[in-house]
Amino acid sequence: MKFPLLGKTLAVGGVLIALTLALQSVSGIVSEREGRLHEAERSVADSLASQQSLLGPVLLRRCDETWSVEQGEGKDRKLVAERREFTLAATPATLNVAARAAIETRHRGIFKVNGYSMRAVMTARWAELAAFEPAAQHAGGKLLCEAPVMFVAVGDARGIRVATISVGGASLPVLPGTRHTSHPRGFHAVLPPAALAAGGVLQAEVALDLVGTGDLAFAPVADTTAVVLDSDWPHPSFAGRFLPNERTVSAQGFKANWQLSSLATSAPQELLNGGAVCGLGGAAAEGKARCIETFGVAFMDPVSAYVLSDRATKYGLLFIALTFVGVGLVEVLRRLRVHPVQYLLVGSALAVFFLLLVSLTEHIAFAWAYLAASAACTVLLAFYASFVLRGARAGAVFGAAIAALYGALYLLLQMEQSALVLGSLLLFAVLGAVMVATRRVDWYALMDQLRREASPSVPKPAQ
């Protein structure tokens, strides 16, 4: 071959293309397995309860006014009955919520889904209830109002385990539903007639045991809302329209405090206007321009094993390219010849590492899966390199370099915020090492030598 270096470069480039396709297949497997995890999460949510939002307690009263109106003149004069229906609602002046959420892991096959069980005690106080004793607005009108009810709405009523409502120290019967058209899921209690006659002041305590999956949100519907939430989950993702005023996060769990005023949120007004509840992402329900603001926490893994595996696979081509650079450097410095097939086998072992990582993380913790997969591939590559590079010492050095690359990749996966700077420093270090190692190489002489070695020797003519 006239240009052996060019042919070798093209062959190794073809190997890189083939390995790129293999890495794309592994990435597809990761996406497929992650999709199955989401299916398992939806299955648990369908069987248990989905994400929960807690709204209330709120007072509600339906009234009906009837009156007569004269129509016509003379003999055609007659009385026509007219009617109007309206609903009165009152949000608390103060609302204090003390909640404790415990994580309960559910399983669907090999997949784990985080559910939670929450115990909440809500203390609400209304300072002015004169509006709940309305007067007729029409002359001769007759006003009939139902007994007022107190309701609490939740995101998924299937998650309600125990609910109690007490007013003035007396427990009230709890009934299903809320009687509110915009928030039908929840429970309510009918207030006794004397409840509204206590000087315009009403205080109630609601205790609730609630289970759910994914998110837990609270709606600040009072003039002043205070929520204290603690849990044994060490990776909270606080979300919604308001972050905690104070929070403490440790390996044993977290504790968060929210203090909100109606001056900072439109939630009470949106509730009275019939708005739907916002999700923790702040999005309004379909067909609704406005929604009731919420805040809370998502009990999700901050970085799942599939996310880490996917990120590792995206570094796969760079990982393989750096390994090939190292092998090529050994070729140049030690005047060895490594066949493209050997490059292919080394690259295939590196690609199989990512497949091993994905499969192992479904059964053991990611750190242990990474250690097992990287150790297996390092030993295999060190053993193979001892023959390709013609020496046990060279194979051990190659294995140590591969182990260092695996260590650098693990740091890249764990240090998400610093991954760019760490990766840049790694590439700079590799480039610097290559430039230092080849600083005395005469590339023209090297290519001439390769051409002479590749060209068949021509016998000299006889004298």
Closer than 3.5 angstrom, by distance alone: can the side chain of [X] be matched with the main-chain N or O of [Y] as a donor-acceptor pair?
| X | Y | result |
| --- | --- | --- |
| Ser31 | Ser27 | yes |
| Ser53 | Phe218 | no |
| Thr361 | Val358 | yes |

Please round to the nearest 0.5 Å and tell me the distance separating atom [atom1] of [X] and atom [atom2] of [Y].
| X | Y | atom1 | atom2 | result |
| --- | --- | --- | --- | --- |
| Leu356 | Ser309 | CG | OG | 11.0 Å |
| Arg185 | Leu55 | CZ | CG | 11.5 Å |
| Leu357 | Cys377 | CG | SG | 9.5 Å |
| Ser374 | Leu405 | OG | CG | 11.5 Å |
| Ser231 | Lys255 | OG | NZ | 13.0 Å |
| Ser43 | Arg106 | OG | CZ | 12.0 Å |

### Task
Sorted by first residue and then second, give each ring-ring contact (aromatic ring centres under 6.0 Å, His included) pair with at least one member in residues 50-73; sequence neighbours left out.
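ring-ring contact (aromatic ring centres under 6.0 Å, His included) check on residues 50-73 returns Trp67-His138.
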
### Exercise: do Thr265 and Glu293 side chains pair donor with acceptor under 3.5 Å
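The answer is yes; a qualifying pair exists.
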
### Task
Could you tell me which residues satisfy side-chain hydrogen bond (donor to acceptor under 3.5 Å, both in side chains) with Arg119, sequence neighbours excluded, listed by chain and number?
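For Arg119 the side-chain hydrogen bond (donor to acceptor under 3.5 Å, both in side chains) partners, ignoring immediate neighbours, are Asp209.
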
### Query
Partners of Glu85 by side chain to side chain contact (heavy atoms under 4.5 Å, CB included), sequence neighbours excluded?
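Only Asp64, Arg83 meet the side chain to side chain contact (heavy atoms under 4.5 Å, CB included) criterion with Glu85.
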
Identify each donor-acceptor pair in which a side-chain atom of residues 17-25 lies under 3.5 Å from a protein atom, sequence neighbours left out, and give them as a table.
| from | atom 1 | to | atom 2 | distance (Å) |
| --- | --- | --- | --- | --- |
| Thr20 | OG1 | Leu16 | O | 2.7 |
| Ser25 | OG | Leu21 | O | 3.2 |

### Query
Looking at Phe353 versus Tyr370, is the centre-to-centre ring distance below 6.0 Å?
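Yes, the ring centres sit under 6.0 Å apart.
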
Solution key, residues 142-161 side-chain donor-acceptor pairs under 3.5 Å, sequence neighbours excluded:
| from | atom 1 | to | atom 2 | distance (Å) |
| --- | --- | --- | --- | --- |
| Asp156 | OD1 | Arg158 | N | 3.1 |
| Asp156 | OD1 | Arg158 | NE | 3.1 |
| Asp156 | OD2 | Ser50 | N | 3.0 |
| Asp156 | OD2 | Ser50 | OG | 3.2 |
| Asp156 | OD2 | Arg158 | NE | 3.3 |
| Asp156 | OD2 | Arg158 | NH2 | 2.7 |
| Arg158 | NH1 | Asp46 | O | 2.4 |
| Arg158 | NH2 | Ala45 | O | 2.8 |
| Arg161 | NH1 | Arg158 | O | 2.8 |

Find out whether [X] and [Y] are in side-chain contact, i.e. whether some heavy atom of one side chain is under 4.5 Å from a heavy atom of the other.
| X | Y | result |
| --- | --- | --- |
| Arg179 | Leu60 | yes |
| Val346 | Phe398 | yes |
| Val206 | Thr164 | no |
| Gln52 | Val211 | no |

Just distance, no hydrogens or angles: give the donor-acceptor pairs under 3.5 Å from side chains in residues 88-103, sequence neighbours left out.
| from | atom 1 | to | atom 2 | distance (Å) |
| --- | --- | --- | --- | --- |
| Thr91 | OG1 | Val221 | O | 3.4 |
| Arg100 | NH1 | Asp230 | OD2 | 2.5 |

### Task
Using the six-membered ring wherever Trp is involved, compare the ring planes of Phe254 and Phe299 and label them parallel, tilted or perpendicular (cut-offs 30° and 60°).
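Ring orientation, 0 to 90° scale: tilted.
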
